[in-house]
Amino acid sequence: SNGDLVAAAYDGSAWGAPQRIAGEGGLDIGWGPSLHIDDAGVWHMSVVDGLSEDLLYLTSEGVSEIIDGRSLGEHNGIRGDDSSILVLADGRVRVAYQDSFYFQLWLAERGTDGLWSTSQLSGADLGATASEGFYVGHSPSGTTSVVTGWFDDPQNDDNGLLLFWM
């Protein structure tokens with residue numbers, strides 16, 4: 001409630017009590033969450049802060065970091081919409097997401113040093129009128145990953161799925 005990010009775990013026979021992950025006091029943290037549970041059982045989450053509109057990285061171990069803080073505010077376009085998080089075998093964390101102001105597909109990576117880098121995924125030679133990054137998906141493959149996103153270009157009567165091997 002109140003925009004809190006709440007989670008519950010299933011132990012194989014029953015659901016545990018819901019636990020507040022973030023947003024205490026009605027801080028509205030919980031826009032479009034994505035979850036990856038690593039081999040050690042640590043929960044890694046990407047989520048948009050509903051007030052600042054920053055894309056955040058949270059873990060069940062108390063880590064809370066800004067992945068992408070370039071939001072324009074006032075709901076002018078969420079940079080972090082449709083996020084999809086995963087943890088690679090070597091410990092790097094990747095988050096694919098949409099910049100819904102410019103309709104671009106982006107990838108953020110948290111290196112093993114704990115630092116984030118972001119880059120726009122492009123290269124599909126889409127026209128300037130195309131909108132990208134809808135329905136973002138992300139699948140691990142060892143130390144690499146595949147990012148998927150839908151594009152739409154109504155002026156050129158074109159749409160489809162984008163695939164990026166990272």
Side-chain angles (χ1 to χ4, degrees), residues 4-12 15-16 18-23 29-50 52-71 77-126 130-152 159-166:
D4 299 345
L5 181 60
V6 179
Y10 187 73
D11 68 6
W15 285 98
Q19 302 293 316
R20 179 181 287 116
I21 304 298
I29 297 177
W31 185 315
S34 178
L35 171 68
H36 180 100
I37 302 173
D38 69 19
D39 292 339
V42 176
W43 292 25
H44 301 263
M45 294 157 279
S46 59
V47 62
V48 173
D49 178 325
S52 69
E53 299 181 359
D54 293 331
L55 178 60
L56 305 176
Y57 169 65
L58 309 172
T59 73
S60 58
E61 295 185 331
V63 174
S64 178
E65 300 171 350
I66 295 175
I67 297 171
D68 190 329
R70 299 174 303 123
S71 176
I78 305 297
R79 293 195 169 112
D81 218 8
D82 275 350
S83 72
S84 180
I85 191 169
L86 62 85
V87 179
L88 298 172
D90 61 6
R92 290 176 294 150
V93 177
R94 287 187 174 165
V95 179
Y97 59 98
Q98 184 192 50
D99 174 333
S100 66
F101 183 77
Y102 293 109
F103 298 109
Q104 298 169 336
L105 183 59
W106 283 74
L107 180 71
E109 181 173 295
R110 185 180 194 263
T112 55
D113 59 2
L115 299 176
W116 286 97
S117 61
T118 59
S119 58
Q120 182 186 352
L121 299 181
S122 60
D125 295 325
L126 297 175
S131 299
E132 304 173 35
F134 301 99
Y135 314 110
V136 177
H138 205 176
S139 298
S141 178
T143 57
T144 65
S145 62
V146 178
V147 175
T148 63
W150 185 261
F151 78 91
D152 186 33
N159 61 59
L161 184 65
L162 299 170
L163 299 169
F164 294 92
W165 281 262
M166 308 306 298

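All values reported here derive from a predicted model rather than from experimental measurement.
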**Q.** Closest contact, heavy atoms only, Gly137 versus Ser84
**A.** C-OG, 3.8 Å
Q: Could you point out which residue of Trp150, Tyr135, Trp106, Phe134 forms a side chain to side chain contact (heavy atoms under 4.5 Å, CB included) with Gln98?
A: Phe134
Q | Smallest separation among heavy atoms of Tyr97 and Thr118, with atom names | A | OH-CG2, 3.6 Å
Q: Given side chain to side chain contact (heavy atoms under 4.5 Å, CB included), test Ile66 with Leu56 step by step and report yes or no.
A: CA-CA 5 Å; Ile66 295 175; Leu56 305 176; 3.8 Å; yes
Q. For the atom pair OG1 (Thr59) and NE2 (His36), what is the distance rounded to the nearest 0.5 Å?
A. 13.0 Å
Q) Which value, rounded to the nearest 0.5 Å, describes the distance between Leu163 atom CG and Ser139 atom OG? A) 10.0 Å
(Q) Is the ring pair Tyr57/His44 parallel, tilted or perpendicular, if the boundaries are 30 and 60 degrees? (A) parallel
Q.
Within this structure, what is the OG1-CG distance for the pair Thr112 and Leu88, rounded to the nearest 0.5 Å?
A. 11.0 Å
Q) With a cut-off of 6.0 Å (strictly less than), are more than 12 heavy atoms of other residues, nucleotides or ligands near CG of Asp11? A) yes
Q.
Which heavy atom of Ala8 sits nearest to which heavy atom of Trp15, and what is that distance?
A. O-CZ3, 3.3 Å
**Q.** Spacing of Leu86 atom CG and Met166 atom CE [to the nearest 0.5 Å]
**A.** 11.0 Å
Q: Indicate the atoms forming the closest heavy-atom contact of Asn159 with Asp152, along with that distance.
A: CB-OD1, 3.7 Å
Q) Considering all heavy atoms of both residues, which atom of Trp43 and which atom of Leu35 are nearest to each other, and what is their separation? A) CB-CD1, 3.8 Å
Q) Under the side chain to side chain contact (heavy atoms under 4.5 Å, CB included) criterion, do His138 and Ile85 qualify, and how do the steps go? A) CA-CA 7 Å; His138 205 176; Ile85 191 169; over 6 Å; no
**Q.** OG on Ser119 to CG on Leu107, rounded to 0.5 Å
**A.** 5.0 Å
**Q.** Pairwise distance CG(Leu55) to CG(Asp68) - rounded to 0.5 angstrom
**A.** 6.0 Å
(Q) To check you understand the geometry: which heavy-atom pair defines the closest contact between Arg94 and Ser145, and what is its length? (A) NH1-OG, 2.8 Å
Q: Decide yes or no on side chain to side chain contact (heavy atoms under 4.5 Å, CB included) for Ser34 and Val95, but give the supporting numbers first.
A: CA-CA 9 Å; Ser34 178; Val95 179; over 6 Å; no
**Q.** Verdict with reasoning, Glu65 to Arg110, per side chain to side chain contact (heavy atoms under 4.5 Å, CB included)
**A.** CA-CA 10 Å; Glu65 300 171 350; Arg110 185 180 194 263; 2.8 Å; yes
